[in-house]
Structures are given as structure tokens and as C-alpha cells.
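By convention in this document, chain letters (A, B, ...) are assigned in the order of the sequence lines, proteins followed by strands, and residues within each chain are numbered from 1. From a predicted model like this one, the values you see are computed outputs, not experimental measurements.
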Amino acid sequence: MTRVGRFIGQHLIMVLGLIVLLYLFAPIVVVILMSFNQPKGRLSYTFDGFTWDNWANPCQPYGLCDAVSTSLRIGLLATVVATALGTLMAFAMVRHRFRGRSATNLFIFLPMASPEIVLGSSLLALFVSSGFGGRLGFWTILIAHVMFCLSFVVVTVKARLAGMDSRLEQAAMDLYANEWQTFWRVTFPLVFPGIMAAALLSFSLSFDDFIITNLNAGTTVTFPMYVWGSAQRDIPPQINVIGTAMFLLALIFVLAGEVTRRRRARS
Amino acid sequence: MTSDLVLEGISKQFAGHRAVDNLDLTVPAGSFFALLGPSGCGKTTTLRMIAGLEEPTTGTIRLGDDEITGLRPYKRPVNTVFQNYALFPHLDIFENVAFGLKRRKVKDYKPKVEEMLDLVELNDYGKRRPGQLSGGQQQRVALARALINRPQVLLLDEPLGALDLKLRRQMQLELKRIQTEVGITFVHVTHDQEEAMTMADTIAVMNGGLIEQLGSPAELYDLPATTFVANFLGQSNLIRGAIIGQADENLIVDVQGRKVLVPKARCRVTEGEVWLGIRPEKVFLAPAGTEEGDGVNQLLGAVVTDVSYVGVSTQYLAKLPWGQELTVFEQNTGARDTFRAGDAVDLHWRPAHSFLLDAAQDALAGVEDVE
Amino acid sequence: MSAVGQLSAASQTPAPPPPRSGRRLTAYLLLLPGGLWLLLFFVVPLVSLLAASLYDPNGSIEDGFSMTWSFGNFADTMADYARPFGRSLWYALLTTAFCLLLGYPLAYAIAMKAGRWKNLMLALVIAPFFTSFLIRTLSWKLLLSDNGFVVDALKWLHILGPDGRLLATTAAVVTGLTYNFLPFMVLPLYASLEKIDRRLIEAGGDLFAGPLTTFRVVTLPLSMPGVVAGTLLTFIPAAGDYINAQLLGTPKQRMIGNDIQRLFSAGAYPTAAALSVTLMAAIVVLVLIYVRRAGTDDLV
């Protein structure tokens, strides 16, 4: 066997894994590329020329930035509400024994195991039958988003809490911290990364949701709905600018996290 | 300033089993007290009840004149060194040690923390996180974090369990030194009999939620009260016999037709079937047919079945005519050649080195619990 | 970051005994707001969806719908929509299979081979998902387009005939679905692979013959909880998706989600609700059978 061949033999799994990662990144490359596209015609499915214009004027297409701002507002609100409610539930699930605990567990798991189209259509059925059919919009979207983010928050925070050694809290109590101080000095700081992860997840789920939102949005347009609408007609390259910006933001988050982790490990 | 810790009628019932059963215990102020027993004997539960981390089902716990039974953990002048230390991973070493003082709003805690870090020889580590320290260092932080509060009682839950043998030895001596220095009552929970004997002034041997025996290490070793203690603390040879009479200060015991004497003061029973106990290092081997003087107990006609050389001593197994094998430890003083497997030997010991236990007890109790 | 990964991890971590009992009231108080939200906006809607599916199908938004217990709605919709329904389940199955095929090596590489790059690789699996789902699907449209390089490459390799195309085919829809739900497979797989004691694999290597046997007898069975969680998290959303079918396919690749969405927009609530209920029921039944057969009932 050649050296290259032997290397591949030993690292076959890694090579396969990297190929799959490549598959995950292929569309991202296209999105980044297309954010610099200067389309000739209305349908921008080909790369016609390089330009900075899209980045300079991201709000140029009518309604795009309004949609982004709507999505951001809904995303932030939904994240705050879902994270708060979900964290409380996670504490109840991990730190307490009560009647109906496993039923509650199932109840929390179910929304994650339901297809979005079912969640969306059933909410719509509720809104219509309770007379809110004509008032669909910002608030109905928010209600829907909090609902489907909740379960993910509970599960994420629960994992963090369950992985925490309860002796740490006992040690705090042993060292003169009352229940309140124990919570804020020990429990909360240790669970905080889990809560942060849950909040990030909520935000990205909310910001990205289309199927449920589309059914319950009325005339309100979120960013994914804007993209959907323009996909039927023409796709302004600015959409790719927004996509790229979000990706870069996420990447910065990830890299910053990794760098601080490494630095902390080294010092 | 310190006072005795008194447990009265303490029981702890968990779903389905009773972890601690009607325990009475007095830990004298300023002593180094060990709760020794196999896992599941109730020692850790007892410790957690003293700390306030479990509530006793029945009974009271007092510190001097103050009852602390129902007090929350943070209201007790008691601190704990947890098993696996439970150091706060999100705080540095300094903050870990300062934790208790800050909660009690002690002003000017910094020099105290520095001083305490000094005591455990970790002055340069204040800015590190627990994860960056070795096991031994973490152990010392846990100790410092508890000791800095000057509790009336310091509880240690298997504090050395996670350390390797050499470090454990070193820390045993260190703990003993610190205890003498600070004069605080230490209650130490362990399953390691050697650790308990090295450090503690008083040991309570626990088994099945009960205290089997309480006393100084020498008392427990020299005169165990039960077969469990006899086996769990060191090793014992337990030979079946029956009391058949008395002579002066001794009871006469018949062992397979051979009469041996045991001082009355060393007998837990006065009649009937018994276990005759002798520690392996108190039994002597002699070539078969050697004459022994009066006042020495003898069992004749044994055969050496196994010889293990362990440097300072040689360990023999000697099979008696009725099939039981006794363990014999002999110092390698060089006074005589060692025996070989197959040699015919007689066994002898001084009556004051044996003890009698009730034959109703299990001769193997505590044997398999030794780790 | 690994929030979704913890999703399956959470289901397997037994909760430590709580420090104090007898605080049930606190537990209920903590659960109350979130529980109420789920009750009002998850359970009640399901009930009203069920109700809507039994309305008189001749009603309209303007005139309102009346409850006529029209169980016939189900038979009617199944007659009309059996094909897209079956197609949805079939596509979801294909997607799940491809996700497993692609996701397992990646999860294995991250868990077992990545070393210090583990966290970074894990983050990279999630990072693309911060770009909108729709935007990514649209870029697949571009990647798979008739004059795109993927089609050219496949033609050059003679995998695709000279007139062959990818866009607007089943292959395109399944590629998109697989792409979109792959992380939901990778993260739970990673979580359960990462938990496997390496010494077990070494012991496997010590006792059995080759690495393949070790994988089959040791690693794979131990990673089953991740496989079960991952396949469910892939299959369920894939079966209800309509974005990929819409953007990458043609009406021939229409999935049940397309119809439900279209019927709701057109105001045909009873029919749409009946389809939605049927989809939910089918998924619940399939999942129950699957979980029973996979023998993992501690999934929740």
C-alpha cells in the first residue's frame, strides 16, 4: 500500500466524516458566494458578476428589513418567555419528585415529536374556532414560537441540571449558604451554560421557523416568509447577505466559545 | 469552646430499609473519632444526619447543650469534607475557601484565607480552578474550605478514598497533625480499617445500621466484642469450642477434646458453645512434639499447608486434625528456619492473647467486607 | 451549543434523588406557567384540530363550519390524498436511511477520532443551521440546477444520462430533506457514542477478531439509544415537511404537507384538519411500533 493509501485506511472514518461535513457546508458556500452576486436578470440562480452592493444596501429590497426586524423581535421575545418558563419546568422535573412526573415528561416530549405541520395546523384550528382567525399576526406567531421552543428548553436545561453533582449544593449549604444563596451562588452559575444554550437554541428555532409561522401569521411577514415569498418570484441577493451574516455571527459565537475554553484549559 | 457531640436514639428509615437503627453515640470534644464499617453499614448516613443533610427519622442530635437535630445545614457549627470533595468548579481556589466566611459576612476574610491556604501548603494556587489541581491538592482545598470556618465538629466523608496509597499515607499523618493543631472534633467516616486505626483516638465499628463496638484502636484490636469486629479489624482465627468449667481467673474451654484456658475478663460468654479467637501473630508454631511449659495453650498434630514469604514476616496456613486451617504470622527474626509445606507442627499461644465470643455469631461476619 | 445533542442525553440521564422531599407544591408551581402554555397551545389545539376534522366539509370561512361529526371526511381525504400521503412516509423513510448512513460516520469520527477538535467539529455540524432553513434549501436548488456543477459531474461520470437532471426529481427532494435533518441524526448519535467506554471497544478488539466485528457486536448495540433518538428526530419532521418538495421538486413530488398547507390556505379546514390528524395518527402508530421493536422505552 502507498503511504497515501495507508493514511486513508487509518483515517477512513475521519475522511468520511469530513466529506459529510463538506456536504453540510456546500450550500453555505453557495449562500456566501451569492451574497456577492450581481444578477443580470430577475431570477438570480446563476452567478453573473461580483459586487459589494448587496452588502452595502441590505435593506434595498422592499420589506426585507421589516421582515428581519419582525423575526428578530419575535425571536427575542419567544426566547425570553420560553427560556424562563422552560427553565422553571426543568427545575421541577429534576429537583422534585411529584405525582405524574413521568406523564409530565411525556407531555413535554410530545411537541418535539410532532410534525410542524400538525402543530401549526392545530394552532390555526384553535385560533379560527375561538374567533381569532381574523387577528392572526405578531402575537399568534409569538404564542406558537414559545410553544415549540419550550420543550427544547426544558430538555436542554434538564440535561445540564441532571449532570450537576447535587453534593455541590449540599456543600454550599454546609458552608452557611441558605437555600436562596445556594441557588444564586452555586446552582444558577453552574446551570447557566445550559440556560444559555437553551436560549440560543430557542432563538434559532424561532428565527428559522417557517411551517408553523406560515399557518398562523395572517398578514405579518417574518424573514423566512419573506424568503419563501420571493422564492416564488425572484430572489434578491440581499437575502443571501442576511443568511451569510447570520452564519458568520454563529461562527463567531462558536469560535469565541472555543477560544475561551482552550485559554481557560491552558491557564 | 467545643462541646461533646451526642447522638441519642438516632434512626434513619429509607424506603424499604433502615440505614441507621437506634444509635446512641457520644463523641468527646476535641477527639478524632472514626466511624468504621463496610459500605452500606449506615456510617455515611449518620454523618449526613450530623451535617443536617439528612433528617433522622427518630432521635436527637446535640452539641453540648444545644439541640441541632432539626436545624438546616447552614445553621450548624459543623462543616464537612465531602467524598470527592465537591469543590465549586466555577470558583477559583481562593473563592472556594472563602465561601463559608463570606456567607457568614465575616469581614476581612482575605488574610484568613491566605493563612488557611498556607496551612495546607497551597498559597500559590489561589487563582486556579479546582479542575486544574491534582487529587491530593483538591483534597487539601476541601479540608481548608471546611476548616477555615472553625466549626465545632469537622466531618470527613471518606476523605482519602480517591487518593493513591502513598498519598493516602501522607495525608493520614497530615490530617492527624492538623487535628492536633486546631483541636477541633473530627468525625471521620471510612471503610478502611488501617486508616481509622492510624488516625482516630476512638473508633466506632458499624455494621447493618448498628454500632458493633466502640473503643480505642488497641482495645478493638486486642479484644473484639463480636466476630464482625474480629474479622473486619485485622484477621482472626476463630475456633469452635465449648466451656466446660473454670479454674481461678480462667475459663476452661474444650476444643476437639483438648483443654485450653481463657482469662474470664476476655470472655463475652460464660457457658455453652463458643468461638475461641486468636490473632494470627499471637499464635506460635513449633516442630511437632516440642514440650511447652505450663500456662500455655496448645493444639497438637497440625500440618503446614501453605507458606507465603512477605519480607518482614512469613504467613503460614496450618491444618488442624479436624480440617480447620489457622493463619499464623511469624516475624522473620532469623532465630529459626522457616517451616515448609507438609511439616508436622504444634500450635501454642498464651491464654491472655485469646478471647471468647458467642458461638451464635457468624464466624465469617465481616470477612468479605474487608476491602 | 450541543443543545440538540443533549436532547437524547437527557433522556438517558437518571435524575439524582432530590435533596428534600415534601415540596410537591413547589414542583407544581414551577410547572404551572409552562405547563399551562403547553396545555393551551399544544393540547387544546390538537383537540380543536380533531374537532375541525369532523366539521361539515361543505362549510366555508365566510359561513362558518358546523360540527356534523363527519367521520366520512377521513375516508374522503384518504381516497383523494393517499398518494401524497404514502409518498411523504416513503420520502421520510429514505431520508432517515440516508441520514443514518451519512450521520453515523460523522458522529463516530467526532466522538472517537476528533480528539481536541471534538468541540469544534460539533460546532461545525450546527453552524450551518444558523443560516435560514429556506435559504439553504434554495441554494440546493442552485447546486442541483441543470447547468450546475453537480449535474455536470454526474454526467461526466455517466451516472446521469446526457438528458438527465436532478432538480425537480425525487432525488433532489430527498437530498434536500437529508441535508436539512442530518444534524438531528448526528447530535443524538454523537451523544450516545461519546458515552461509550473506550475500554469496551478495546476489550472488543482484544476478544473478537476485526474492527468490523467489534463495531457490530460492541459499538453499534451500545449506540442504539442514539440511533433510535436520531431516526425519530429525522423521520417525524421529514414526514411533515413540504418546503423541500416545493422548492426542489415538482407537483409529482408533492408531499402531504403541501396539501395540508394548501387546503388550509384555501379555507378547506375540515379536509385539511382530517389530513393533519391522519398524519399525526400514522406517525404515532409507526413510532410506537418502532420504539417497541427497538426495545428502547426509556426514550422520554
Participant: Would you sort out whether C:Tyr55 and A:Ser129 count as a side chain to side chain contact (heavy atoms under 4.5 Å, CB included), showing the intermediate values?
Facilitator: CA-CA 11 Å; C:Tyr55 285 164; A:Ser129 68; 4.1 Å; yes
Participant: Where on A:Leu110 is there a heavy atom nearer than 4.5 Å to chain C: the side chain, the backbone, both, or neither?
Facilitator: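 A:Leu110 touches chain C through backbone and side-chain heavy atoms alike.
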Participant: Give the member of C:Leu46, C:Thr175, C:Leu50, C:Leu134 that has the highest number of heavy-atom pairs under 4.5 Å with chain A.
Facilitator: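 Winner by heavy-atom pair count: C:Leu134.
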Participant: Find the distance between CG (A:Asn240) and CD1 (C:Ile135) and round it off to the nearest 0.5 Å.
Facilitator: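 That separation rounds to 6.0 Å.
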Participant: Report the option among C:Gly240, C:Ala239, C:Ser139 that has the most heavy-atom pairs separated by less than 4.5 Å from atoms of chain A.
Facilitator: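 Answer, by heavy-atom pair count under 4.5 Å with chain A: C:Ser139.
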Participant: Just by distance, do the side chain of C:Tyr179 and the backbone of A:Tyr23 share a donor-acceptor pair under 3.5 Å?
Facilitator: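 The answer is no, because no donor-acceptor pair under 3.5 Å joins these two groups.
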Participant: Only pairs of heavy atoms separated by less than 4.5 Å count here; which of C:Val47, C:Leu182, C:Ile283, C:Thr137 has the most with chain A?
Facilitator: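 Among the listed options, the one with the most contacts to chain A is C:Leu182.
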Participant: Counting heavy-atom pairs closer than 4.5 Å to chain A, which one of C:Ala51, C:Ala109, C:Pro128, C:Gly35 comes out on top?
Facilitator: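 Option with the greatest count: C:Pro128.
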Participant: Could you give me the CA-CA distance, side-chain angles and deciding distance for C:Leu138 and A:Ile239, then say whether side chain to side chain contact (heavy atoms under 4.5 Å, CB included) is met?
Facilitator: CA-CA 11 Å; C:Leu138 280 174; A:Ile239 280 181; 5.6 Å; no
Participant: With chain A, which of C:Leu29, C:Ile110, C:Val125 has the greatest number of heavy-atom pairs at distances under 4.5 Å?
Facilitator: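 Highest number of heavy-atom pairs under 4.5 Å: C:Val125.
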Participant: Heavy-atom distance under 4.5 Å to chain C: side chain of A:Phe223, backbone, both or neither?
Facilitator: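 Just its side chain gets close to chain C.
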Participant: Just give me the residue among C:Leu279, C:Ile256, C:Asn119 that pairs up with chain A most often, heavy atom to heavy atom, under 4.5 Å.
Facilitator: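 Heavy-atom pair counts peak at C:Asn119.
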Participant: Report the relative orientation of the aromatic rings in A:Trp228 and C:Tyr242; use parallel for angles under 30°, tilted for 30 to 60°, perpendicular for over 60°.
Facilitator: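 Rings of A:Trp228 and C:Tyr242: perpendicular, over 60°.
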